[in-house]
Amino acid sequence: MFDAVARRYDLTNTLLSGGQDRLWRMATRRALAPGPGERVLDLAAGTGVSTVELARDGAWCLAADFSLGMLRSGRHRGVPMAAADALHLPFADASFDAVTISFGLRNLVDPAAGLAEMARVTRPGGRLVVCEFSTPTWAPFALVYGNYLMRALPAIATRVSSNPDAYVYLAESIRAWPDQPALATKIAAAGWSDVEWRNLTGGIVALHRARRP
Ligand SMILES: C[S@@+](CC[C@H](N)C(=O)[O-])C[C@H]1O[C@@H](n2cnc3c(N)ncnc32)[C@H](O)[C@@H]1O
């Protein structure tokens, strides 16, 4: 599916999010706070659009994804890239200072197994940030957003995306995804400690942060 949307992925995201995606990526970098000399894994990085933002402060950031189509579409960005399955990462234990995943955890066949793999490759004391769609906290806004997701979003995607069905999946997968506290519980159950979160854009997106014990 991601190979099929790769060509216009970045443009479609910016249109569907009304340009908010840039702010969400900046907030993710600030939450992870990657510094010079650090090794950072950006998992399910797709075209590397999340990775370039993370690398802005001088950390070495690796974009890993299992869709070769997505990686190819982002080759012009010049970030280091690896073809890798999030459920069986080809990296040694404790080989990264920080791991992050933006709009990817929801797409893993087994998110709990992915979270455990991320813990395995992170050094003790290392950080995790999950940037993912979540649940708006103010009921009237949640209602409007629910309508946008199920009606407007697929309609816009039909005009812009190279694979509109993928955006019907997007809307359905967001609705089925656990809310902020439920995701925090899953992250802790996968071996992470000090789990906390913060909402972006009224809870359309949440940033969950945790530490590897
Ligand atoms: C919505 S895109 C997110 C891309 C990018 N992180 C961003 O912020 O725009 C989700 C990505 O998850 C990847 N993905 C899904 N399952 C995966 C897995 N098991 N291993 C690696 N990547 C996976 C897909 O190939 C896709 O590129």
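Read the numbers this way: they start at 1 and go in the same order the structure lists the ligands and their atoms. We use all heavy atoms of the structure for the numbers below, so side chains are in, but hydrogens, waters and symmetry mates are not.
- The shortest N or O to N or O distance between Ser102 and ligand 1 is under 3.5 Å.
- Shown in contact with Met70 at under 4.0 Å from a heavy atom are these atoms of ligand 1, numbered in order with element: 27 (O).
- When the options Phe66, Tyr9, Phe2 are ranked by their closest heavy atom to atom 15 (C) of ligand 1, first place goes to Phe66.
- Between Val49, Leu71, Asp65, it is Asp65 that holds the heavy atom closest to atom 11 (C) of ligand 1.
- Among all protein heavy atoms, the one lying closest to atom 19 (N) of ligand 1 is Asp85 OD1, 2.9 Å.
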- Message: Between Leu87 and Glu117, is the side chain to side chain contact (heavy atoms under 4.5 Å, CB included) condition met? List the steps.
- Response: CA-CA 6 Å; Leu87 305 182; Glu117 259 303 77; 5.5 Å; no
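- Closest protein heavy atom to atom 10 (C) of ligand 1: Phe103 O, 3.4 Å.
- At the shortest separation from atom 8 (O) of ligand 1 among protein heavy atoms lies Arg25 NH1, 2.7 Å.
- Regarding atom 20 (N) of ligand 1, its nearest protein heavy-atom neighbour is Ala86 N, 2.8 Å.
- Under 3.5 Å, the side chains of Trp24 and Thr201 contain a donor-acceptor pair of N or O atoms.
- Between Gly114 and ligand 1 there is no heavy-atom distance shorter than 4.0 Å.
- Between Arg120 and Asp93 a salt bridge is recorded (basic side-chain N to carboxylate O distance below 4.0 Å).
- In this structure, a donor-acceptor pair under 3.5 Å is absent between the side chains of Thr135 and Asp179.
- Here Ala64 has no heavy atoms under 4.0 Å from ligand 1, in either its backbone or its side chain.
- Residue Met118 forms a side-chain contact (heavy atoms from CB on, under 4.5 Å) with just one option from Val130, Thr100, Leu105, and that option is Leu105.
- Checked by distance only, ligand 1 and Leu87 stay at 3.5 Å or farther apart across all their nitrogen or oxygen atoms.
- The ligand atoms of ligand 1 that sit less than 4.0 angstrom from a heavy atom of Ala84 are 20 (N), 21 (C).
- Arg127 and Glu38 are joined by a salt bridge, as a carboxylate oxygen and a charged side-chain nitrogen come within less than 4.0 angstrom of each other.
- Close contacts of ligand 1 with Leu108, meaning ligand atoms under 4.0 Å from a residue heavy atom, involve 16 (N), 17 (C), 18 (C), 19 (N).
- When hydrogens are left out, the protein atom nearest atom 12 (O) of ligand 1 is Ala44 CB, 3.3 Å; that is the closest non-hydrogen contact.
- Ion pair Arg77/Asp10 flagged as a salt bridge, since at least one NZ, NE, NH1 or NH2 atom sits closer than 4.0 Å to an Asp/Glu carboxylate oxygen.
- If you look at Ala45 next to ligand 1, the close heavy atoms, those under 4.0 Å, all belong to the backbone.
- Ser173 and Arg106 are linked by a side-chain donor-acceptor pair at a separation below 3.5 angstrom, with hydrogens and angles left out of the test.
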- Report the C-alpha separation of Leu32 and Leu54 in whole Å, then their side-chain angles, then the decisive distance to 0.1 Å, and conclude whether the side chain to side chain contact (heavy atoms under 4.5 Å, CB included) test is met. CA-CA 8 Å; Leu32 195 70; Leu54 294 167; 4.1 Å; yes
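- Asn163 and Tyr169 share no side-chain donor-acceptor pair at under 3.5 Å.
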